[in-house]
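Have a look at the structure below, then the notes.
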Amino acid sequence: MATNAKSKGALARIDQLVDELNDHSYRYYVLSQPSISDAEYDELFRELQNLEREHPEHVRPDSPTQRVGAKPLDGFATVKHRIPMLSLDNAMNEQELLDFDEQVRRFLEKDGGDPKEIEYTVEYKFDGVAVSLVYEDGRLSQAATRGDGTTGEDVTLNARTIKAIPLKLRSKELPKGLLEIRGEVLFRKKEFDALNEERQARGEETFANPRNAASGSLRQLDPQETARRPLWFFSYGVGAVESSSKSISNLARQPLAAAMAEVESLGFSISPGYRTVKGADALVTAYREAENSRDTLPFEVDGIVIKVNDVELQERLGFRQRSPRWAIAAKFKPVEAVTKLEDIIIQVGRTGALTPVAVLKPVRVGGVIVSRATLHNQDEIERKGLLIGDSVVVRRQGDVIPAVVAAVTASRTGAERSFSFPRECPECGSLAERPEGEAVTRCPNPQCPAKLHNRLVHYASRDAMDIEGLGDKMVELLLEHQLVKDLPDLYSLRVEQLQELPRMGEISSKNLVESIAASKERPLDKLVFALGIRHVGSKTAQTLARQSGTIEKFLSLTSDDLLAMEEVGPETAASVSEFLADRYSQRLVQALLEGGVTPAPVAVRAAAGGAFTGQSFVLTGTLSSMSRKEAEEQILSRGGKVSSSVSKKTSFVVAGESPGSKLDTAKKLGVSVLSEQEFSALLGSH
Ligand code: IVH
């Protein structure tokens, strides 16, 4: 393909934008010192996206646009670690920490030395998932989970979506050879809470703790799903180094703290407060300080990790079966309390999920009074063997939702009774259903009042139809007075009716009617989200709206249409199909439209995320390596369009053997022409 002046200009700008955006990400995710606003970042990102769309041949592998875009996998390949990923021994209290220091000194003494005070590094023990990141010639080439320590799973595509993981090392000259960085992928507390709230609102199971959430998110077969999870990464060490580059070949030979400073300068976050201390007393002080500061951290930690700083001493100390003698994890005390499990009640969510909730005798756990805790589902209660009346251990870590850890079986009196999960919905009496293979039991009745209440609140919420004045209390009032039996009834409410309600005056009634009316013209994505379809959060609703454009098109989406959408996973596709095929939902949407809801159409977008998004291709002549149909599919699967005639808007004409007049038109209009070889190369690089 001819590289003309325009293309060169674009290349320079693309280079500049990629570097600039990566730098901003580094400042945000690693240094925690953002240098531009999110809006400015988005603007630069869009400029880059547009340029890359016009010049797909210049898309760099470390471009921030290339973090997402990969197709779902059937399963993960296995990866054998170059050096096993070991575990750590635990010290559960100060005495055990002192014992560790003594053992280290005794071992070294026996070994012929006379160490008085050992220098240790101190860092937090992250509560996430261990990963190994392999960089070859400075670029991320493979990410793997720890697995059994010898063999893990290849999660490269997922790791690429994590912004705190550099795709390219930060170094003037990229170091040749191989460098393995080890660390932990984790959720921060506030994003974990938000994720669980969102899942609860969608009627999905919540995660018990940030570690499970991180592990589940990293092990998604669909990288687009991982990309939606705000994961972070902190490095705690260096694995294999196979390089003669000056900058990295010495990493494994330096004192640990110096190596970690290098790791930090290559673009990774390391533990906040990372430092070295000398001797047993300083170690204990550091342990106490870390425990006192744990709640100020944005993520969960369950202890600190102490490592001998000097690599020679490390070598002399060596390893036990599965853990090094030169390191230990000093665990913090979990924040726990024992209280009585007074009852188990069932809450019905918006999507009908029946969630068992523990009613606890109020107890203080780590500074917060806890009286309720989710028990997630039926299996969880059985797994823990909980009986009503049991004394139970309740644990809270940092900001995390309290959990019932276990029953104190020793204090049973015989008066405890078992809990039987109701067969019927406690709100409407419908027979509850538990689909095979699922943990959640649901109420199937679309008109169930519990669902209706929650559905109305959701429908009116800010990210949905944004109806001011229609919150939890108001919804309750409307239902209680039978002014509303389902969503569409909102649109026939009159001021006179509302005025009759307790505490409602003329003005507040008028205001409510007006804000309900104002919701009629919300854009399509808001309506799609407001409908409360399972698995459809506001992001997915945007995708669905952008792919359909109008409500009519949305309602006619087929299961195949949904499955073809890159950002929609099979679970979501199934749930949307089910919603669209359901007679009750059809009538509901119809009634909303008849009530005057006219969602503003949304600009249609081609399959998002693909490298050819926004590009149109025209094929002419015969291709030798693939059929016309295959070529079309390849283009479509990358988000591009295929048209039959050439115009000024055509991005590329692909010319095979004996091309027709389309080639002449392309030349006349100045449209780029790709030979079959060039086309194949373009496909190969995306
Ligand atoms: S060092 C040979 N440092 O703890 C030493 N591990 O029980 C290897 N972990 O699988 C680990 N924070 O996932 C180290 N600051 C830290 C850590 C840490 C969390 C995890 C890691 C490992 C497990 C070992």
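Atoms within each ligand, like the ligands themselves, are counted from 1 in listed order. Just so you know, these numbers come straight off a predicted model, no measurement behind them.
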Do the two ring centres, one from Trp232 and one from Phe187, sit under 6.0 Å apart?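 Here the rings of Phe187 and Trp232 have centres that are no less than 6.0 Å from each other.
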Are Phe299 and Phe234 close enough that their ring centers fall under 6.0 Å?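 Phe299 vs Phe234: aromatic centres under 6.0 Å.
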Which residue supplies the protein heavy atom nearest to [atom], what is that atom called, and how far is it?
atom: atom 20 (C) of ligand 1; answer: Glu184 OE1, 3.6 Å
atom: atom 24 (C) of ligand 1; answer: Leu88 N, 3.5 Å
atom: atom 22 (C) of ligand 1; answer: Tyr236 OH, 3.9 Å

With backbone taken as N, CA, C and O and side chain as the heavy atoms from C-beta onward, which portion of Glu123 lies under 4.0 Å from ligand 1: side chain, backbone, both, or neither?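 The part of Glu123 near ligand 1 is the side chain, not the backbone.
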Checking contacts here: is it the side chain or the backbone of Lys307 that comes within 4.0 Å of ligand 1, counting heavy atoms only? Could be both or neither.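 The answer is the side chain.
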How long is the straight-line distance from CZ of Arg139 back to CG of Asp62, given to the nearest 0.5 Å?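 So the gap between those two atoms works out to 5.0 Å.
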Is any N or O atom of Phe126, backbone or side chain, closer than 3.5 Å to an N or O atom of ligand 1?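 The answer is yes, given that Phe126 and ligand 1 share an N or O pair closer than 3.5 Å.
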I want to know if ligand 1 touches Ser87 in the polar sense, i.e. an N/O pair below 3.5 angstrom.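 No, since none of the N or O atoms of Ser87 sits under 3.5 Å from an N or O of ligand 1.
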Test salt bridge (charged side-chain N to carboxylate O under 4.0 Å, His left out) on Asp390 and Lys340; report intermediate values, then the result. CA-CA 6 Å; Asp390 263 342; Lys340 194 168 167 192; over 6 Å; no
Heavy-atom count check: over 12 atoms from other residues, nucleotides or ligands less than 6.0 Å from Lys163 NZ?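 Open: at most 12 neighbouring heavy atoms sit under 6.0 Å from NZ of Lys163.
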